[in-house]
Amino acid sequence: MAANEYRLCMGCMSPNFDGGVCSVCGYDQNTLGDPRYLQPCTTLAGRYVVGRLVASDPEGAWYVGYDCDEELRVWIREYVPSNITRRQTDGEVQPLPSSEAQYKALMADFEDLCRMIAALPATEKVLPVTGIVRANNTVYAVYRYIKTISLESFLQRSGGHLSWRHTKKLLMPLFHTVTSVHRAGLIHRGLSPRTIHLDQSGALWLSSFSIAAARTNKSEISAQLFTGYAAPEQYSLNSWQGTWTDVYALGALTYWAVTGQNPPSAQDRVYGDDLLVEGQCPDMPESAVRAINRALAVELEDRTQTAEAFIADLLANEGSNTAVYTAPPKRSMPDTQRIEEERHRAEILQAAANRRREERYTPAQEPDYEEGIDLMAVREPPRPDPAATVLQSMPHARQELEPRRQQRPTQNSGKRRKRKQKRSHPFLSWFLTLLLATGALAGGFYWIANNYLNDLLDPSSRPQQASSSEVSSGEDLSDEELLEEGKVPALVGKIASSVKNNKELSRRYEIDYVEKYNDNYEEGVIFDQQPLEGTELEEGGKLTLFVSQGAERVEMPEVVGKEIEEATGLLDSLGIKYNLIPVQNSTYEPDVIVRADREPKTMLDKNRDTVMLYIKESSAKDDEEEDDDDREEDDRNTSSNRGTVSRGKGGIKIVDRVD
């Protein structure tokens, strides 16, 4: 198809027949794009139309886009780190000669990140990845379009800060979402009021994930760090990052919500300073104040390690409130969002048929995209008046109403003359005017609360469903779900045995079943497929289905007291993920595991669980003494045939013998 067959505005993907300046978003279709990025009207994979550049950051660029297959607006994310690449005239991205290895390694990290986001359950409040495209020597991720405002904009409209009661109701589902994201092996590293968005139902969405290099200072590419929300370890290449990095940002978000002030930069803070003081927020219990300060601790060993532990600390000693927030509710797509997508699809189909719209739109202000972009702040055209629409479609109603309008003055003229003779009552008129104004104001507040803040003010009205971390049990495949000949049906979430028993599907394709462990699907349920749903595939083509074997679990071994090399080797052999946390304590024995956050014989999920291993952080004095000992031992063993082990500030290093 042609790149702009639907005659869309490249600024907002609304129909635009006349070209020139769009009456919806104000974008001029004749504007030349930045040569460092994709040009408007570029197509990807014959399916996606790329619109204007929305924002850019050290990792890449965001564009507004359009999915021609689904006939919906989308967001397109391009991997194009500006400081190590350049754009060719044909749109292809080329790394600088000295940065080819870094470019390829980081591109692999970017693609892995997008695939992990795409694999998250649909119930998670994370801006979903709906497609991944390789083109122009780079990778593109396609995100679903969701109409939202940034959390920063929401708080500004709410008076600058919230009470602890409202803060807890607003942010607690977000904390559970972060917990689920961590269990899936993802770290955000950029949580801030600008990367979290609020939809019309009051639900918070996570967006703007980036690779680790784009959120770490002095890495291969420039870093995007949100001052006050970036953890201290993000300012150094030699520090450990993990779930505790996001916990610092969650503590900063909570501090910001209840005080209305951004926390100071982590670089300006010192060891042991508490940002939140008891009594600063009148309705906040002391346990919550301590929980926020622990989450904002500068030193890793003093900081809360996981989002789950942060939730428990916040809700400690709050009685029955703990039960209210034990899990985030599952949410389907809001009705307003579904209606919005259907309406936009109808508009595009109307454009494809070359029918002009009758209503005229008022120009909208250009959205202001800052360091943390507000991804869906595109204005929509005004809705037609329902009453006017009904009258236009019912001529007989107009004919019946017009005589009544003409007769009404003559019928009541005598009464009006009588009323004119009565004396007016100024006080009564003033009272009625005030009453009407109060009613109109109350109605306006009710409409805003009902449409935007309903979940925030009355969380009990939300649908109470199971936790989003619940494992999917799958369902049988029915013949009605098979697409037309030549297109692959949606098989993710289907029970593999029902697919195997489907004769029509077996006739169409050569199906290969691959069994793998998966945490989100029960054993025997399909969790991925290649090619994807809707892909054209000829009869007899190969279809690969990945079937879950359930979660892979292993027993936690005893590691406390073992040498670091022995303990980590044991965990590696069992496939257990771990992080080494250096702790300053002179009483600890060096080069051994002094503490672990999991007890021996605990059953661990190999994909979701990460064990924290605490070791002694060596000082400069210890390094000098160890280096002296190593040199003496090297002198004594110069003629030895065995290699020596050197322990220093950089960790454990095996030095082989040189003949």
Would you indicate whether the side-chain heavy atoms of T195 and H188 approach each other to under 4.5 Å? yes

Side chain of Q529, backbone of P531: donor and acceptor closer than 3.5 Å? yes

Using modelled atom types only, decide if a donor and an acceptor are shared between the side chain of T85 and the backbone of P81 within a distance under 3.5 Å. yes

Salt bridge (charged side-chain N to carboxylate O under 4.0 Å, His left out) pairs touching residues 97-111, sequence neighbours excluded, are E111-R115, E111-R134

Can you sort out the partners of D112 under salt bridge (charged side-chain N to carboxylate O under 4.0 Å, His left out), two or more places apart, ordered by chain and number? none

Is the closest side-chain heavy-atom distance between K125 and L204 below 4.5 Å? no

Could you tell me how the ring of W256 sits relative to the ring of Y229: parallel (under 30°), tilted (30 to 60°) or perpendicular (over 60°)? perpendicular

For D67, what residues pass the salt bridge (charged side-chain N to carboxylate O under 4.0 Å, His left out) criterion, not counting sequence neighbours? R47

With a 4.0 Å cut-off on N to O distance, would you call E59 and R77 a salt bridge? yes

Can you check whether A213's main-chain N or O pairs, donor with acceptor, with S219's side chain at less than 3.5 Å? yes

Distance from K542 atom NZ to D512 atom CG, nearest 0.5 Å? 4.5 Å

Holding to ring pair (Phe, Tyr, Trp, His ring centres under 6.0 Å), I want the full list of residues that pass it with H182, two or more places apart in sequence or in another chain. none

Side chains of F226 and S208, heavy atoms from C-beta outward: is any pair under 4.5 Å? no

Return yes if a side-chain donor-acceptor contact under 3.5 Å exists between S153 and S150, otherwise no. yes

Does the side chain of L545 come within less than 4.5 Å of V514's, by heavy atoms? no

For the side chain of N137 and the backbone of V93, is there at least one donor-acceptor N/O pair under 3.5 Å apart? yes

For R86, what residues pass the side-chain hydrogen bond (donor to acceptor under 3.5 Å, both in side chains) criterion, not counting sequence neighbours? none

Spell out, as yes or no, whether a donor-acceptor pair under 3.5 Å connects the side chain of Q29 to the backbone of M10. yes

Taking Y143 as the fixed residue, which of Y63, W62, Y48 is the one that meets the ring pair (Phe, Tyr, Trp, His ring centres under 6.0 Å) rule? W62

Would you please name every residue forming a side-chain hydrogen bond (donor to acceptor under 3.5 Å, both in side chains) with T243, sequence neighbours left out? none

Taken in chain and number order and not counting sequence neighbours, the residues that satisfy side-chain hydrogen bond (donor to acceptor under 3.5 Å, both in side chains) with D34 are R36

Any side-chain heavy-atom pair of V181 and F209 under 4.5 Å: yes

Distance-only side-chain donor-acceptor flag, E78 / Y37, under 3.5 Å: no

Once ring-ring contact (aromatic ring centres under 6.0 Å, His included) is applied, what residue pairs with a partner in residues 82-133 remain, sequence neighbours excluded? Y79-Y103, Y79-F110

Side chain of Q39, backbone of G33: donor and acceptor closer than 3.5 Å? yes

Mind checking what makes salt bridge (charged side-chain N to carboxylate O under 4.0 Å, His left out) contact with E220, not counting sequence neighbours? none

Ignoring hydrogens and geometry, is there a side-chain-to-backbone donor-acceptor pair from H176 to A307 under 3.5 Å? no

Approximate separation, where rounding is to 0.5 Å, of L170 CG and L155 CG: 8.5 Å

Indicate yes or no: at least one non-hydrogen side-chain atom of C25 is less than 4.5 angstrom from one of C9. yes

Not counting sequence neighbours, list each pair that qualifies as a ring-ring contact (aromatic ring centres under 6.0 Å, His included) and has a residue in residues 525-545. none

For K500, which residues count as a side chain to side chain contact (heavy atoms under 4.5 Å, CB included) partner, sequence neighbours excluded? Y513

Assess, by modelled atom type and distance only, whether the side chains of E522 and S548 contain a donor and an acceptor separated by less than 3.5 Å. no

Can you find a pair of side-chain heavy atoms, one from V139 and one from I132, that are under 4.5 Å apart? yes

Please lay out, stage by stage, how C41 and V50 fare under the test side-chain contact (heavy atoms from CB on, under 4.5 Å). CA-CA 6 Å; C41 276; V50 179; over 6 Å; no

Under the 3.5 angstrom rule, does the side chain of T130 hit a backbone N or O of V142 as a donor-acceptor pair? yes

Does NZ or CZ of R73 lie under 6.0 Å from the centre of the six-membered ring of Y66, at an angle within 45° of the ring axis? no

Ignoring hydrogens and geometry beyond distance, is a side-chain donor-acceptor pair present between N16 and Y27 at under 3.5 Å? no

V178/L206 under side-chain contact (heavy atoms from CB on, under 4.5 Å): CA gap, chis, key distance, verdict: CA-CA 8 Å; V178 174; L206 278 183; 4.1 Å; yes

Between the main-chain N or O of R189 and the side-chain N or O of D246, is there a donor-acceptor pair closer than 3.5 Å? yes

According to side-chain hydrogen bond (donor to acceptor under 3.5 Å, both in side chains), who are the partners of N136, at least two apart in sequence or on a separate chain? Y140

Any chance the side chains of Q234 and R215 put a donor and an acceptor closer than 3.5 Å? no

Considering only NZ, NE, NH1 and NH2 on the basic side and carboxylate oxygens on the acidic side, decide whether K487 and E533 come within less than 4.0 Å. no

Under 3.5 Å: donor-acceptor pair, side chain of S99, backbone of P95: no

So do the side chains of I76 and V133 get within less than 4.5 Å of each other, counting heavy atoms only? no

